[in-house]
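Reminder, nothing fancy here: chain letters follow the sequence lines and each chain counts from 1. Keep in mind that this is a model prediction, so the values were computed, not measured.
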Amino acid sequence: MIDYRARFRSNLAIAACGLAAFAVVPFVANSGLMFLAGLVAINIVFGMSWNLLFSGAGLLSFGHAMFFGGGAYAMALVSLHWPGLPFLLGLAIGAGAGALIALVFGVIALRRASGVYFAVLTLVFSELIHLVITKTTFLGRNDGLVGIPRPTIETGLFTLDLTSATAYYYFIVVAMACAAFALWCFQNSPAGRLIQAIRQDNLRTAFLGTSIFGWQLTAFVLSGALAAFCGAVMVPFTQIASPEIAYWTVSTQPILFTLLGGAGNFWGPAVGAILFGAIDYGTRAMHGLSEITVGTLLLLVVLLIPGGLLGFLQHRRQKKRRKPTEPAPKRTEAQP
Amino acid sequence: MAYKMNRRGVVAGLAATGLTAPFLNTRMAAAQSGPITLGVVTPLSGPVQLIGNFVRHGAEIGADYINSNGGVNGREIQLQFRDSKANPNDASVAARELIGAGTNLQLGTISSAVALAMGPLLQSEGGVVITSGAGTEKLNHENYNPHVFRVGDSPVSRNAGLVRHIVQSRPDIRKWGGIIPDHEYGRTTWKIFEATMRKAVPEMTGEEAVIAEPILVPYGSGDYRNYIQQAMRLDVDGIYTSVYGGDAVTLYQQAKPFGLFDKIDILLDSANEFLVATAMGDQTPAHWSGFHWYYEANKGNPLSDDLYASYVERTGDQYPMGWAAEAHAAIMAYAKAIEKTGGSTETADVIDALKGLSFDSATGMRHLRAEDNQAVKNAELAYIEPSSEAESGFEVTDYVSLDGENVVEPARPGEMLDLSAL
Amino acid sequence: MASTEPLLRVSELHAFYGGSHVIQDASLSVAPGESVALLGRNGAGKSTLMKSLLDAGPRVEGEIHFGGQDLRGVSPDERSRRGLMLVPEDRRIYPDISVAENIELGAQAARGRDPVTLTEIYDLFPLLVPLKERAGYQMSGGQQQLVAVARGLMGAPRLLLLDEPVEGLAPVVVDEMAQHIARIRETRSLALLIAEQNLSFARRCTDRVLLIDSGRIVFDGSWTDFDADPDLKERYLAV
Amino acid sequence: MYDIGMTVFNGLAWAMATFLVAAGLTLIFGILHILNFAHGGFFMIGAYVSYSIMLGFGGGLPLWLYLVRAMAAGVVVGLLGWVVDKLVFRRLRDVEDAYSLIATYALLLICGGAVTLIWGLNYMGVMPPPALNSVIFLGDMFMPTYTIFIIFCGVAAFVGLELFISKTRTGRLIRVVAADPWMAQLLGLNVKRIYLVTVIVSFAMAGAAGGLLMPNQSLSPELGGIFLLQAFGVVILGGMGSIRGAFVAAIVLGLIESFGTYFFPQYPGIFFLLALGVILLLRPEGIMGKEQTA
């Protein structure tokens, strides 16, 4: 029996340590690193949104940039054209945009495609959305939408001024923590467990009378909404929405984070995103080497430690434990 | 058991953030003595690294020149390079990090999206950037920001210069078409080309210019035959193109066997400089190209001669591109401005000094307009022809440098470019 | 029959699928030319044991000696080329090529040994002659089984592993299969290991019995010994 | 009439250039079930290798030498394929699709970095050999001989690959392994070696395609990405690694792209993606695929 309460407590402890680390960044680092940390925080949840789909529902998306970009552009449009609208409503609209894209696309694609075909379909659609952005005047074409203001939130009781980069950084950390917590709760709810069951065994779940399509679509829409939320939160931080954030290479980012950190673990994308931020930072003054460095690192991870960093650590720990006492052979029903 | 392993992950994360300790804000330490540090945020990797390399060489040569001539009030110039990956987010991280470390004076931006993103960022963080050639007209118009300067051509001066010179030298050619990238930059250049042409031809010849609908070509495509076929159908004497880089080489390569270049009298290339010619050698179609800086046109100018000689010595490459001169000019502008402030590198002082600054550069004197931070500089263009004698397979047979005052648009910061005013 | 060195000698074999320990400490041997039945219920581990011998699926620990050589580190395809041939339960006939092509594929493994000629095969399985040009997917289950056995024989095996060769076949076809196997044993000198649930078929084709239950070998002896203990049948084979 | 003829001609040129790149990709996808992101990277390396060989000869080659050079590039890249199979692909056989996609994406990054380090960043262009640098007039249609040559090469590659797969012994074994590798090993087939042969053939085709298409393209480290999405589209639309499917898909997409550009010139470069999306939604298993494998 898994002790859920203990697991909850340990995850809470991890989250608290992570939050504390992010909270001290503005005190110990300069504004460039704080900015990077803000992006990393967003990337963590972006990676988790992808992993919800991958490790959760067993779907491989190669088009998460369309959600991220969709949310970012929705937020940018809202803040440029309806500056009177409450900021949090803007974020909701951003997330809703991602959910909508996921719903429309998912209804068509999930019925028909799976595996690599699904991946390539997502890639194609995301590239279409990118092209549409670069050809649409009110989306700023290739130059993007610039000068996006940072908000002040009026709660009635008090006013939260987020116009400075540092204040907005803290908002990001809080928003991403909330999003990660919500995701954790979902994954540990009965619905979340059911979606995971789909991945583990398509057939058996079908026999249980579950509509696989329905649950896959649910996972897809949730994942899209979460990715779009990340995009929407990022835009006031960087103050620009440019077509690069909807380009297909952005779709590879959450995949890289997740696989680097370990897809089998809730915190995998977080470890991956932090590590990737560090690599990005470490190669910032190199000439022409960042491509080959990232490529080699990634290849080594996939080939040597396919479980990602966390999987690797877990494996080593298990090995160490197992050596002294080989577990007694269990009586199991044989498999055909 | 799972949580212990996770705790390790967090420790690793903490260690990663712990790395930040050496990068504490050192802004206060920046004083009015010791070396002057300038930040160069430019693509050092990825597809645009080619241009970033020119920026790097130009900046380094410029800094060496200043330093070997006594520095700025005796202070040496040092450069800090950062990879922008031609991406606004990476560029923002780099710009902020540099400012946090006290390097508030920056240069090297080449992509339009990055240049546009820099304005609000530098305004809130307190920094200055001189772009080395971002092509968007919004920079000194609707998205004007006092913290962003452009020492290079505005898209207007470059293209209006090209057009005016062509109309002057070949008044017989009145029928024009265009092949332009389906990209913001392509559309802008075409708008300027068309507006200037419609104005200059009647002025010069008394007759109307006949301009066909432009042919839009996709970005980064491997096959341009359908567009070449469209171009073959045009009844024109001249073709203007702002297709850039590898796309331009592919387009020219595929167009050649169709005989497109034999069919027209003149090919006008807005910005490829020697990029197409060095790739195609003796197969290069004869064409006029706009230049940020063409060294032959500036022979005798010690800055230009030093830049050219140093570049060739460093790289062995005989054909530097104008991006190098723009980064070089940015260094010259900073040096002159800091002299003017009396040594202060504070953002507000440097902005004040840069506004209205006149300084010498590889293309001669440039003047930074106080109103919109746009440089007034010479527009340069050269005629490149294939040659059986030249080792490189091509040679420049004609070139011209036009006075910037005559080709630049009036300063209208905060307002959209008004094509009727060209 | 009893030679000093058995053809196949397996000792302390364990096999795993993921975390589950499917075969536990199995030891057995098959002498040259001998035919052995491997009996057990559905899911007792018969197929897993056979696949383990070829290292084709489960993770395996333990020793397997074949023809006097240790098979540790020997790839599955090399094992078949050394004469250890498996005809799997689901037959795996290639559907898009003809029957003749399917059968000829088996010859890949015969390299370096006394090969089986096609004439010999069609003599043994005259039923297949009219089917030669048919595509793999156009055959009945019984026909497929014949093709699978014929294809296995083409590899000139020294030990042929048949995994439930008559499962799901009509009684008449089962009878034919038993005759075929008898004829094969007459004409070729090869050993057989047949996993079965059909007792009468197994009895007709084999000399000795191995009984497996929940991944452990629980009985190893002659049919006479097997029959002497009716409890065995009751405990390990009754449904 | 003229326009339609030229549009078809250009569409076929697009299709065959894309098929030349996609053929090797299809082979690996059909047999190893790996969608190889790095294929574009090795195509690019083929073009660069071929360029270096050309420099060795001092430019301006006769036709036969141009062909030999493309084949030599094929051999070099085929050998790289051998290395890549030993180091990478061999380890990807039992992992999930996501991991092999990412591993090959990483390889693509490495290819780009390696090309930058070896050949530098400058753009380079090569003209077709003199024998292929002319135009044939057919009525009022003008068809560059080099473009005709590319179309011919595409068809030849298709016929050659089909013959190899269906008529040769190795080809037949490759098909058997593709259909059921597990049974193939039980029949004594050296599955590893057959995979290796497949990878080498696929890489050699990428390299040779690079050598053949080099006069069509500018050489730069971006070249790896230029055909990638197109080739992916063709392979996926063809269905489950079917060579015939990929060939048909290339022609269909090429014609749609070509006619789309003809009728709607203001939206360049979007029709191929649009068509790919729509057709895949209607027929997700592709043109030739019987059923999809997850």
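Contacts between P88(C) and chain D at a heavy-atom distance below 4.5 Å involve the side chain alone, from C-beta outward. Interface remark: L84(C) contributes no atoms to any contact with chain D (heavy atom separation under 4.5 Å). Only the side chain of R169(D) comes within contact range of chain C, with at least one heavy atom under 4.5 Å from a heavy atom of that chain.
Heavy atoms only, all atoms of each residue included: G188(D) and A109(C) are closest at CA-CB, 4.2 Å. Shown here for E101(C) and R172(D), the closest heavy-atom pair between the two residues is OE2-CD, 4.0 Å.
In this structure, R193(D) places its CZ atom where only 12 or fewer heavy-atom neighbours from other residues, nucleotides or ligands lie under 6.0 Å away. Under a cut-off of 6.0 angstrom, the local environment of CZ in R188(C) is crowded, with over 12 non-hydrogen atoms contributed by other residues, nucleotides or ligands. Environment of CD in Q138(C): crowded, with over 12 heavy atoms of neighbouring residues, nucleotides or ligands closer than 6.0 Å.
The CG atom of L186(D) sits 12.0 Å away from atom CE of M50(C), with the distance rounded to the nearest 0.5 Å. Annotation: the span from Q108(C) atom CD to Q185(D) atom CD amounts to 13.5 Å, rounded to 0.5 Å. Once rounded to the nearest 0.5 Å, the distance linking CH2 of W182(D) with CG of L54(C) reads 8.0 Å. Note that CG of D96(C) and CG of D180(D) are 11.5 Å apart. Values are rounded to the nearest 0.5 Å.
Interface summary for chain C: among L187(D), L173(D), L189(D), the most heavy-atom pairs under 4.5 angstrom belong to L187(D). Among R92(C), M154(C), R81(C), the residue with the largest count of heavy-atom pairs under 4.5 Å with chain D is R92(C).
Distance alone, capped at 3.5 Å, is enough to place a donor-acceptor pair between the Y94(C) side chain and the A184(D) backbone.
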